[in-house]
Amino acid sequence: MLNLVLYLFDISNHGYENITQKFYIVYLGDHPADHEDSAAQTHTNVLSSVTGSYSGATESMVYSYTKSFNAFAAKLSSDEAEKLSRMDQVLSVIPNRYHKLHTTRSWNFIGLPLKAKRDLKSESDIIVGLFDTGITPESQSFKDEGFSPPPAKWKGTCGQFANFSGCNNKIIGARYFKLDGTPDPADILSPVDVDGHGTHTSSTLAGNLVPNANLYGLAKGTARGAVPSARVSMYKVCWASFGCSDMDILAAYEAAIHDGVDVISISIGGGGASYTLDSIAVGSFHAMKNGIITVASAGNDGPSLGSIVNHAPWLVTVAASGIDRQFISKVHLGNGKNFAGIGVSTFNPNKTLYPLVSGADVAQSSESKENARFCAEDSLDPKKVKGKIVFCQFRSWGTDSVIKGNGGVGTIVENDQFLDAAQIFMAPGTMVNSTVGESIDAYIHSARSPSAVIFKSQEAQKRAPYVASFSSRGPNPGSEHILKPDIAAPGIDILASYTPLKSLTGLDGDTQFSEFTLMSGTSMACPHVAGVAAYVKSFHPNWSQAAIRSAIMTTATPMSHRVNTEAEFAYGAGQVNPRKAVNPGLIYDMDEMSYIQFLCHEGYSGSSLAPLVGSKSINCSSLIPGLGYDALNYPTIQLSLKSSKQPTVAVFIRTVTNVGPASSTYNATIRAPKGVEITVKPMSLTFSHALQKRSFQVVVKANPIDSMQMVSGSLGWKSSRYTVRSPIVVYSPGN
Ligand SMILES: *[C@@H]1O[C@H](CO)[C@@H](O)[C@H](O)[C@H]1NC(C)=O
Ligand SMILES: *[C@@H]1O[C@H](CO)[C@@H](O)[C@H](O)[C@H]1NC(C)=O
Ligand SMILES: *[C@@H]1O[C@H](CO)[C@@H](O)[C@H](O)[C@H]1NC(C)=O
Ligand SMILES: *[C@@H]1O[C@H](CO)[C@@H](O)[C@H](O)[C@H]1NC(C)=O
Ligand SMILES: *[C@@H]1O[C@H](CO)[C@@H](O)[C@H](O)[C@H]1NC(C)=O
Ligand SMILES: *[C@@H]1O[C@H](CO)[C@@H](O)[C@H](O)[C@H]1NC(C)=O
């Protein structure tokens with residue numbers, strides 16, 4: 001019998017303090033109950049012992065997880081939750097939390113060239129699962145012309161739902177998860193996508209080729225996913241008003257594992273540093289045990305250091321980079337000056353010039369003057385705005401809607417923070433930096449009748465690649481030993497499919513609709529890498545989750561620390577390189593036990609690992625010795641310095657598996673930053689057969705560096721055909 005009394009946290013700081021009953025997830029001992037029915041029965045029995053009656057239990061039960069997890073979600077008072085946590089069969093009781101989607105604004109596309117080598121038969125057997133806001137079945141990206149019936153391994157389902165025309169041979173699964181009984185008035189109880197996010201991520205990952213895709217003529221080209229022949233299964237877990245809740249995410253994991261998906265793409269915020277409390281970390285661990293790779297977004301809270309989420313070592317954590325294209329709209333002033341602002345404005349002006357005012361000068365009253373500077377709602381005098389272009393400081397999104405609502409013709413927003421990605425405007429609009437903003441403001445206050453015009457947006461070149469300022473940065477708050485993010489992929493101004501159920505901006509009064517749109521966020525970077533994982537898997541169906549990730553990371557194109565001073569904390573191994581990832585030469589492989597040893601080494605107790613491993617008792621004191629500094633065969637190396645006076649020395653142990661030519665030799669190439677000595681033993685690895693393993697040691701000796709500073713180098717294993725590259729990061733954690 002297990003006797004594990006674990007965490008019981010209060011979520012009152014999440015704004016639910018007035019609700020006396022909350023949702024909790026209750027983990028029980030190891031599942032594989034012989035019968036799903038009897039497991040569900042056990043759940044109800046356990047629950048009724050605290051609710052006092054069977055009918056009380058069935059009423060408060062939301063989900064009974066019986067396939068991958070032995071757990072249930074229920075609405076409970078904190079008393080009931082506490083009682084449950086003291087029961088023998090109960091491993092842990094974790095409050096349900098709500099996650100956010102990882103989109104900021106808008107986006108573009110990399111991908112494989114159209115002519116890239118593909119194994120179409122194998123690709124059409126790949127099933128990608130997305131946990132998102134739903135999908136648009138009518139979209140051209142998901143037509144099933146030329147698709148055979150789903151692969152035999154598929155066990156998922158799809159039905160007729162409200163506003164959802166149903167599945168086909170492309171979208172082979174579509175379900176929604178929301179059983180808590182609180183309907184979302186802004187959403188539809190159906191896998192249909194009323195937001196656009198899920199349609200966008202799905203088409204980026206696996207959408208068909210659609211020629212002539214564009215947004216009002218912008219970004220014109222052939223839209224397509226990384227694996228256009230793969231099948232899509234949508235698990236709708238994110239809801240317009242509520243976000244994405246832990247209990248729905250766990251239910252989706254259970255379904256996806258059972259259904260037989262190969263890759264899971266999850267562009268949703270993670271839940272804190274502890275892996276055993278976070279539904280994405282827990283769910284993806286179970287997926288990993290079943291050979292399924294989960295790719296997740298790093299978050300949009302950059303460039304602050306330590307802002308990264310979804311950093312569990314069994315996740316692929318994706319940062320967002322920019323490509324060489326941006327969207328600008330030119331602003332012409334009455335004094336003849338021209339400026340380039342950032343943003344997507346689809347409107348052609350009707351006049352050569354419009355009167356121009358500053359929001360601060362057209363306030364409704366003297367009290368509203370401070371808000372008027374930001375063109376906040378109800379702060380402006382419509383009589384003074386009508387027919388004019390208004391210059392506003394940035395405070396929140398939607399200034400364009402306020403100006404239009406007041407009868408204005410357009411807006412110029414001054415903003416130094418969000419100039420990476422193009423915002424789509426619902427009326428003529430653009431965003432300028434404060435240098436330009438000051439010139440415009442000076443012009444408004446010096447000219448007798450200031451005027452301006454904003455032209456329709458156009459594409460412009462931009463130096464690339466670089467990591468988006470919004471992309472969350474390391475160091476990893478979950479472990480000082482693992483570098484995160486793992487990889488960078490395009491996530492700025494990505495063009496992909498959109499929903500007909502929402503205007504481009506979603507703002508009141510927006511009349512722009514489009515089959516395709518631009519979005520930006522690590523949300524958009526994530527399906528690019530999930531698509532590459534699916535592409536790699538189509539060539540190597542047997543590779544483990546860790547092998548696929550290793551292939552993606554060790555073949556990445558290095559990025560420049562001159563462009564992004566946070567270096568690997570911004571881009572991990574570098575920019576994803578899909579075609580190279582198929583042939584990495586060597587891989588750093590891992591299995592379930594590797595991760596468990598790592599967690600023990602990190603200080604997790606055997607019993608705290610229950611949500612990950614079930615009741616299988618883990619004895620962390622019987623760890624295999626000799627695992628080296630970080631106890632994990634990770635494809636990157638990170639050393640966190642402990643002393644500000646002495647040099648720190650650490651020995652990393654790694655094992656590579658030969659997946660290249662049977663007979664090959666790799667020599668080590670070391671790049672060490674100043675103040676760091678890196679030695680590798682042995683310096684050469686010789687293989688004589690496929691899947692042969694070789695181990696080596698990397699000794700890193702680093703002089704002290706300032707708090708929160710980092711330096712980096714790399715180890716590359718080079719053969720005549722391959723370079724297998726691992727960044728080596730040395731940093732000093734803040735105290
Ligand atoms: C969804 O379907 C219902 C019933 O057919 C219909 O009344 C409603 O307008 C639809 N909603 C949307 C957003 O299409
Ligand atoms: C130009 O005129 C058309 C027709 O009156 C109107 O719909 C459109 O909004 C105008 N465009 C701008 C930028 O004012
Ligand atoms: C502001 O934007 C202008 C026009 O795009 C550009 O020339 C200038 O370098 C920018 N200034 C700063 C400080 O970014
Ligand atoms: C892949 O796995 C299957 C089933 O385990 C096995 O039969 C097959 O030989 C493996 N293929 C390779 C290339 O390892
Ligand atoms: C855990 O492993 C250690 C070392 O192998 C052993 O001494 C100890 O008895 C084990 N504990 C349990 C509960 O099995
Ligand atoms: C590896 O190093 C050995 C000895 O220096 C050299 O003979 C060999 O050509 C090298 N191999 C590669 C692939 O660089």
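Please read all numbers here as calculations on a predicted model, not as lab measurements.
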Distance (rounded to the nearest 0.5 Å) between Gln423 CD and Phe394 CZ: 7.5 Å
Verdict with reasoning, Tyr634 to Phe598, per ring pair (Phe, Tyr, Trp, His ring centres under 6.0 Å): CA-CA 10 Å; Tyr634 214 71; Phe598 165 80; 8.1 Å; no
Straight-line distance of Leu215 CG to Ile424 CD1, nearest 0.5 Å: 5.0 Å
Main-chain N/O of His528 paired with Thr204 side-chain donor or acceptor, under 3.5 Å: no
Flag side-chain contact, heavy atom, 4.5 Å: Tyr571 against Ser321: no
Pair Asp630 + Arg654: basic N to acidic O under 4.0 Å: yes
Full working for side chain to side chain contact (heavy atoms under 4.5 Å, CB included) between Ile637 and Val729: CA-CA 6 Å; Ile637 284 177; Val729 168; over 6 Å; no
Step-by-step ring pair (Phe, Tyr, Trp, His ring centres under 6.0 Å) determination, Phe696 to Trp717: CA-CA 11 Å; Phe696 59 90; Trp717 286 109; 4.9 Å; yes
Check: Ala547 main-chain N/O paired with Ser544 side-chain donor or acceptor under 3.5 Å: yes
N-O pairing of Glu480 and Lys642 below 4.0 Å: yes
Expected output: side-chain Ser643 to main-chain Gln646 donor-acceptor under 3.5 Å: yes
Flag, side chain of Asn633 to backbone of Met590, donor-acceptor distance under 3.5 Å: no
Residue pair Thr555 / Asn577, side-chain donor-acceptor N/O under 3.5 Å: no
Main-chain N/O of Arg725 paired with Thr723 side-chain donor or acceptor, under 3.5 Å: no
Side-chain donor-acceptor contact under 3.5 Å, Glu602 with Ser479: yes
Asn476 side-chain N/O to Ile482 backbone N/O, donor-acceptor pair under 3.5 Å: yes
Distance, nearest 0.5 Å, that separates CD of Glu459 from CD of Gln326: 10.5 Å
His286-Tyr253 aromatic ring centre distance below 6.0 Å: no
Pair Phe131 and Tyr235, ring centroids less than 6.0 Å apart: yes
For Ser279, the option from Asp246, Asn96, Asp248 that meets side-chain hydrogen bond (donor to acceptor under 3.5 Å, both in side chains): Asp246
Any donor-acceptor N/O pair, Ser297 side chain to Thr522 backbone, under 3.5 Å: no
Over 12 foreign heavy atoms within 6.0 Å of NZ, Lys580: no
Backbone N/O of Gly299 and side chain of Ser472: donor-acceptor pair under 3.5 Å: yes
Ring geometry between Phe285 and Trp314 (parallel below 30°, tilted from 30 to 60°, perpendicular above 60°): perpendicular
Aromatic centroids of His311 and Tyr275 separated by under 6.0 Å: yes
Criterion ring pair (Phe, Tyr, Trp, His ring centres under 6.0 Å) on His200 and Tyr498, from CA distance to verdict: CA-CA 6 Å; His200 202 276; Tyr498 192 58; 7.6 Å; no
Donor-acceptor pair, side chain of Asp486 and main chain of Thr317, under 3.5 angstrom: yes
Separation of Leu586 CG from Tyr588 OH (nearest 0.5 Å): 7.5 Å
Residue pair Thr294 / Ser284, side-chain donor-acceptor N/O under 3.5 Å: no
Side-chain donor/acceptor of Asp416 to backbone N/O of Ser434, under 3.5 Å: yes
Thr201 side, atom OG1; Met234 side, atom CE - distance, nearest 0.5 Å: 5.0 Å
Under 3.5 Å side-chain donor-acceptor pair for Ser594 and Asp591: yes
Closest non-hydrogen atom pair between Asp589 and Ala546, with its separation: OD1-CB, 3.8 Å
Criterion side chain to side chain contact (heavy atoms under 4.5 Å, CB included) on Thr669 and Leu715, from CA distance to verdict: CA-CA 6 Å; Thr669 310; Leu715 162 65; over 6 Å; no
Residue pair Gln709 / Ser732, side-chain donor-acceptor N/O under 3.5 Å: no
From Ile728 atom CD1 to Leu483 atom CG, the distance as rounded to the nearest 0.5 Å: 11.0 Å
